[in-house]
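Inspection log for the structure reproduced underneath, given as structure tokens.
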Amino acid sequence: MSHSRFESIGAYLPSNIVSTEELLSRLATPPAFDLEKITGIKERRFRDTRPDSLEDSFTLAVNAARDCLERSRYGAGELEVIISCSITRSNEGTRMYMEPSFASTIAKELGAERAITFDVSNACAGMLTGTYLLDRMIRAGVVRNGMVVSGESITPIAETAVNEISEKYDLQFASLSVGDSGCAVVLDQAVDDADKIHYIELLTAAEHSHLCLGMPSDKSSGVALYTDNRKMHNEARFQLWPDAQGEFLAAQGRTFADEEFDYIIHHQFGAAAVPFINAVAAREFGAPIPPDLNVIEKYGNTSTTSHFIVLHDQLEQDGIEAGAKVLMVPAASGVVAGFLSTTISSLKV
């Protein structure tokens with residue numbers, strides 16, 4: 001069975017930068033905690049809302065796809081499948097489209113006339129879900145290449161939160177952590193172990209779905225993300241990844257330490273949570289967790305694109321050396337967990 005690889009990557013980030021300090025200054029009632037300290041987010045990107053340069057989900061996705069194709073060996077007309085993974089589906093400004101599919105609209109704009117097109121929606125694990133599906137299609141020989149793409153014009157929820165929050169603690173504070181972005185990757189068949197997706201697996205655990213709203217604790221100084229009771233439940237939720245990957249590796253007679261990962265990329269949803277997740281994982285694996293790559297400080301939570309925005313940023317900054325082995329770990333509403341293992345050598349930005 002053949003493996004797939006990441007052949008090229010592209011991204012698009014709006015030029016409008018909004019700091020956490022600026023965003024909080026718009027609130028009628030400031031929070032009773034340090035949002036920047038809790039989330040680690042200093043700034044994020046907001047889409048352009050000017051009529052002559054309007055940016056929406058479609059615009060962000062297409063810009064990222066074009067950036068990706070500029071580095072790809074494939075032209076748009078050679079793509080065999082396009083999978084769109086956006087949570088937000090705004091086009092023509094604020095119009096939300098379910099049909100026609102976003103993927104078919106993107107393919108038409110790019111000139112990918114041969115491509116099979118379909119959308120997937122799996123919360124913030126969207127692009128990893130698209131990658132999972134395309135990886136399986138390539139392994140099965142159904143297609144030889146394809147693109148996974150997402151454009152997230154998600155900051156309208158931050159704007160709504162700014163207008164509606166009237167309490168020092170409010171369920172909408174999590175909405176202030178998001179940022180707009182677009183990202184795309186092309187996958188094709190791996191030709192050697194230097195560029196290869198070794199494996200990707202996803203799982204869901206709906207019994208923990210009520211924990212998808214994280215609030216600062218009212219029993220602490222505001223640094224903790226969760227109450228003591230919620231911490232206990234979240235520890236169980238965060239064990240989903242190490243339990244699943246541990247079982248997957250054990251079936252092959254391997255351990256986490258045997259994988260020798262160079263880096264790990266978590267979903268970019270909060271700087272305070274990642275050390276907690278890694279501590280749980282280190283305990284369960286009985287092995288140290290590799291260095292964490294992140295961009296949450298400057299881009300915030302970009303939802304479906306977050307893992308690949310990190311990958312793009314680190315490649316651009318020469319933060320990932322050729323031959324590095326990277327582990328991507330989703331954490332999405334639903335709850336969705338999982339893991340992707342890949343070695344990267346020729347992928348460039």
Side-chain angles (χ1 to χ4, degrees), residues 13-14 16-51 54-60 86-98 121 123-124 126 150-181 208-227 229-230 234 267-273 296-306 331-335:
L13 292 153
N16 185 23
I17 299 173
V18 177
S19 69
T20 297
E21 181 180 5
E22 179 185 347
L23 195 61
L24 293 181
S25 71
R26 303 176 192 175
L27 291 169
T29 304
F33 48 87
D34 190 335
L35 188 66
E36 183 176 318
K37 184 175 183 179
I38 292 171
T39 63
I41 301 169
K42 293 185 179 294
E43 58 191 34
R44 76 281 290 142
R45 301 298 178 92
F46 267 53
R47 74 214 183 282
D48 195 334
T49 57
R50 294 173 296 178
L54 193 62
E55 293 175 329
D56 49 33
S57 303
F58 178 73
T59 305
L60 299 173
S86 304
I87 296 172
T88 62
R89 300 187 183 191
S90 57
N91 197 352
E92 301 175 7
T94 58
R95 290 178 177 267
M96 305 299 292
Y97 281 82
M98 297 295 111
S121 182
C124 289
S150 181
E152 294 293 10
S153 176
I154 201 167
T155 53
I157 68 172
E159 293 166 337
T160 299
V162 165
N163 291 332
E164 294 184 356
I165 288 175
S166 59
E167 305 285 342
K168 291 186 176 181
Y169 291 99
D170 190 290
L171 291 176
Q172 292 192 77
F173 274 119
S175 297
L176 301 179
S177 69
V178 301
D180 296 327
S181 68
H208 297 295
S209 61
H210 62 290
L211 297 174
C212 293
L213 287 174
M215 283 296 295
S217 171
D218 56 4
K219 297 179 181 179
S220 72
S221 64
V223 175
L225 273 174
Y226 310 101
T227 63
N229 184 52
R230 185 164 286 175
N234 267 307
H267 175 48
Q268 304 291 285
F269 63 97
I296 194 159
E297 178 178 321
K298 55 185 179 181
Y299 299 134
N301 179 355
T302 60
S303 57
T304 61
T305 69
S306 66
S333 300
V335 169

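As a basis for the values below, the full set of heavy atoms in this structure was taken, side chains included, without hydrogen atoms, waters or symmetry mates. Along the sequence shown, the residues carry numbers beginning at 1.
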Take atom NZ in Lys298; do more than 12 heavy atoms of anything else shown fall under 6.0 Å from it? yes

dist Leu54:CG -> Asp56:CG (nearest 0.5 Å) comes out at 5.5 Å

Rounding to 0.5 Å, atoms CZ (Arg47) and OG (Ser90) come to a distance of 8.0 Å

Here the gap from Ser121 atom OG to Ile87 atom CD1, rounded to the nearest 0.5 Å, amounts to 6.5 Å

Thr302 backbone acceptor or donor facing Ser306 side chain under 3.5 Å: no

| Ignoring hydrogens and geometry, is there a side-chain-to-backbone donor-acceptor pair from Arg44 to Val18 under 3.5 Å? | yes

Item to complete: Decide whether Ser57 and Ser153 meet the rule of one side-chain donor and one side-chain acceptor closer than 3.5 Å.
Response: no

Between Lys168 and Pro30 the two heavy atoms that sit nearest each other are CG-O, 3.8 Å

Under 3.5 Å, is there a donor-acceptor pair between the side chain of Thr155 and the main chain of Ala158? no

Between Glu36 and Lys42, the two heavy atoms sitting closest are OE2-NZ, 3.0 Å

In short, Gly151 meets Leu60 closest at the heavy-atom pair CA-CB, 4.1 Å

Scanning both residues in full, the closest heavy-atom pair of Ile41 with Thr20 reads O-OG1, 2.6 Å

Here the gap from Ile157 atom CD1 to Leu176 atom CG, rounded to the nearest 0.5 Å, amounts to 8.5 Å

_Ring centroids only, cut at 6.0 angstrom: are Tyr97 and Phe58 within range, meaning strictly under it?_
no

dist Leu27:CG -> Glu164:CD (nearest 0.5 Å) comes out at 12.0 Å

Taking every heavy atom of Tyr299 against every heavy atom of Arg45, the minimum-distance pair comes out as CE2-NH2, 3.8 Å

Quiz item: Quick one: do the Glu152 and Thr304 side chains pair a donor with an acceptor below 3.5 Å?
Solution: yes

Review point. Have Ser181 and Thr305 got a donor and an acceptor in their side chains that come within less than 3.5 Å?
Key: yes

Between the CG atom in Leu23 and the CD atom in Glu43, the distance rounded to the nearest 0.5 Å is 12.5 Å

Should the heavy atoms of other residues, nucleotides or ligands under 6.0 Å from CD of Glu92 be counted, would the total exceed 12? yes

All heavy atoms of Arg50 vs all of Asp48, minimum pair found to be NH2-OD2, 2.7 Å

For this session: For the pair Asp170 (side chain) and Ile165 (backbone), establish whether a donor and an acceptor sit closer than 3.5 Å, ignoring hydrogens and angles.
Result: no

